[in-house]
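Everything on this sheet refers to the single structure shown next.
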Amino acid sequence: MANEKPLKIAIVAGEESGDLLGADIVEALKRATGREIRLVGIGGRHLQALGLTPLFDGGEIALMGLSAILRDLPRLMRRISQTASAVAGERPDCLITIDSPDFSLRVAKKVRAADPAIPIVHYVCPSVWAWRPGRAVAMKPYVDHILCILPFEVKELARLDGPPGTYVGHRLTHDPGVLGAAKAQSSPRDLSDDRVKTLLVLPGSRRGEVRRLVGPFGKTISILRARGHRLRLLLPTVPHVADLVRASVASWDEKPEIILDPERKWQAFGKADAALIASGTVSLELALSGVPMVSCYRFDPVMRMAQSLITVWSAALPNLIADRPVVPESYNEYVRPHYLARQLEALFSDTPYRAWQKDGFAEVARRMATDKPSGDIAAGVVMECIKGSKANSQR
């Protein structure tokens, strides 16, 4: 295999999480094939370390929410055309689009039209099970396979007549930080009422989320203090919102310890008695770490208008994976500090409420388990698509 020509892989990854997934699959392809991997497309620092020279900064497509997409639509459309043209011109062995579906799937559609011989794999199933289910069947003409990171998505794609999917697992199930936090959470801890409670506060990784939730979160903490709780507040965040977070919590009665270092973040997860969070992937991080939580979200104005399009019964990933309510959720006008404070109180002590969540987290971990690392499974699917495409072209 060492004498074979390099494998040319086109990748489109905007978000940091997508960049990590892309690097993981590239490393797995190297191990599986023994071949040099040449990369083209878009990616961040992890893919660039593996040899990718990006067409442009992937942060340009790392947008969240309808408002952000509509605001930047003209520029995004130019970047979609530029990316598709460059990928088709390179004639890669496979195109792997990763997450950011409003951008990457439009690129996939244009690449398929330009060169139908290029196999296309999409990594991270779009949330067709939550809203706009018609996207599933719409992807079939230009996506050959979907790599799913949530175990229920393969059946949902089949139910909605979408492209075939394979559950490859989630990188969090093998993440050393998660495993370390879970080990710390499994150790015996003092849950007596008079102790200092360690509360994780996670108001989101995007500026809009932080602005909408930091006020109610601060009031919740004030209420907990007024009800006699002594608190240690830990607030892990990311660099691009750190200044906003610092300014927003400056007026809180109790000042949180702001954490930017990833290793210290996982240490905080291991120490926490409970967490107050913005709904998102962090709920899965906490569930796999074993941290009881209360989840909140406030829609931006455009998403409020599209709220009727949401079909899923819960937005909390642990709930969807366990297929039962595990994590309590509050949305929009129901993000009420007095209610949130009482929910957290019930998680601070050794209550049936806390035990219910812990039991649900164990079910989440069981359902997400895979025999092999996700990158290895994903690389196997990519190679099958490449082989299938070559076999079809030789007929």
Side-chain angles (χ1 to χ4, degrees), residues 177-204 213-237 245-246 248-279 282-296 316 318 325-330 335-362 364-365:
V178 171
L179 296 175
K183 183 178 180 181
Q185 281 289 334
S186 66
S187 301
R189 66 177 54 220
D190 179 13
L191 293 174
S192 57
D193 290 338
D194 60 348
R195 70 197 166 84
V196 175
K197 287 87 171 180
T198 299
L199 177 65
L200 279 176
V201 184
L202 296 152
L213 288 176
V214 75
F217 283 11
K219 291 177 183 176
T220 299
I221 289 156
S222 296
I223 292 165
L224 286 169
R225 281 166 50 88
R227 289 171 69 85
H229 295 282
R230 292 183 297 143
L231 301 172
R232 181 190 180 193
L233 304 179
L234 303 178
L235 199 162
T237 189
V245 167
R246 288 191 187 95
S248 300
V249 303
S251 61
W252 284 12
D253 294 341
E254 182 88 20
K255 303 299 186 292
E257 179 183 343
I258 296 175
I259 297 169
L260 287 170
D261 179 65
E263 185 175 343
R264 290 188 60 222
K265 165 191 167 178
W266 295 119
Q267 292 171 357
F269 276 39
K271 295 173 183 175
D273 295 306
L276 178 61
I277 73 166
S279 180
V282 72
S283 67
L284 189 56
E285 294 180 347
L286 291 164
L288 292 172
S289 299
V291 183
M293 72 192 94
V294 174
S295 178
C296 305
V326 174
V327 176
E329 303 173 273
S330 295
V335 179
R336 297 176 178 175
H338 283 278
Y339 181 58
L340 300 178
R342 286 160 175 81
Q343 286 184 314
L344 289 168
E345 281 182 336
L347 296 175
F348 284 151
S349 303
D350 188 15
T351 60
Y353 191 45
R354 182 182 177 91
W356 173 265
Q357 280 206 20
K358 288 278 194 176
D359 181 68
F361 298 159
V364 168

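Ser222 contributes a side-chain N or O that, together with a main-chain N or O of Gly218, makes up a donor-acceptor pair within less than 3.5 Å. Distance alone, capped at 3.5 Å, places no donor-acceptor pair between the Arg354 side chain and the Ala346 backbone.
Across every non-hydrogen atom of Ala274 and Phe348, the tightest pair is CB-CE2, 3.9 Å. The heavy-atom pair separating Pro236 from Leu202 by the smallest distance is O-CD2, 3.5 Å. Of all non-hydrogen atoms in Trp356 and Pro325, the two that sit nearest each other are NE1-O, 2.8 Å. In terms of heavy-atom proximity, Pro318 sits nearest to Ala287 at CG-CB, 3.7 Å. Contact between Leu276 and Leu199 at its shortest, heavy atoms only, is N-CD1, 4.1 Å. Shown here for Ala316 and Val327, the closest heavy-atom pair between the two residues is CB-CB, 4.3 Å.
Within the model, atoms OG1 of Thr198 and CZ of Arg189 stand 7.5 Å from one another, a figure rounded to the nearest 0.5 Å. With rounding to the nearest 0.5 angstrom, the NE2 atom of His229 is 12.5 Å from the CD1 atom of Ile221. For the atom pair CZ of Arg336 and OG of Ser330, the computed distance is 9.0 Å after rounding to the nearest 0.5 Å. Here the straight-line distance linking atom CG of Leu224 with atom CZ of Arg342 works out to 9.5 Å at 0.5 Å rounding. Rounding to the nearest 0.5 Å places NE2 of His338 at 9.0 Å from OG1 of Thr220.
At least one side-chain heavy atom of Val249 sits less than 4.5 Å from a side-chain heavy atom of Val214. You'll find the side chain of Val335 reaches within 4.5 Å of the side chain of Leu340, heavy atoms only. By the 4.5 Å heavy-atom criterion applied to side chains, Val364 and Leu288 are counted as neighbours. For the pair Cys296 and Leu213, the minimum side-chain heavy-atom distance is below 4.5 Å.
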*asked:* Does Leu233 form a side chain to side chain contact (heavy atoms under 4.5 Å, CB included) with Phe217? I'd like the steps, not just the answer.
replied: CA-CA 11 Å; Leu233 304 179; Phe217 283 11; over 6 Å; no
*Intermediate values then yes/no, side chain to side chain contact (heavy atoms under 4.5 Å, CB included), Met293 and Phe361*: CA-CA 11 Å; Met293 72 192 94; Phe361 298 159; 3.6 Å; yes
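Pairs engaging residues 284-296 under the side-chain hydrogen bond (donor to acceptor under 3.5 Å, both in side chains) rule: Lys265-Glu285 [sequence neighbours left out].
Other residues, nucleotides and ligands place more than 12 heavy atoms under 6.0 Å from the NZ atom of Lys358. Open room surrounds NZ on Lys183; 12 or fewer heavy atoms of other groups in view lie less than 6.0 Å from it.
Residues satisfying the side-chain contact (heavy atoms from CB on, under 4.5 Å) criterion with Glu257, sequence neighbours excluded, are Arg232, Leu234, Ile259, Arg264. Under the side-chain contact (heavy atoms from CB on, under 4.5 Å) criterion, Pro328 pairs with Val294, Gln343, Tyr353, Gln357, sequence neighbours left out.
The one candidate from Gln185, Lys197, Arg195 that meets the side-chain hydrogen bond (donor to acceptor under 3.5 Å, both in side chains) condition with Asp273 is Arg195.
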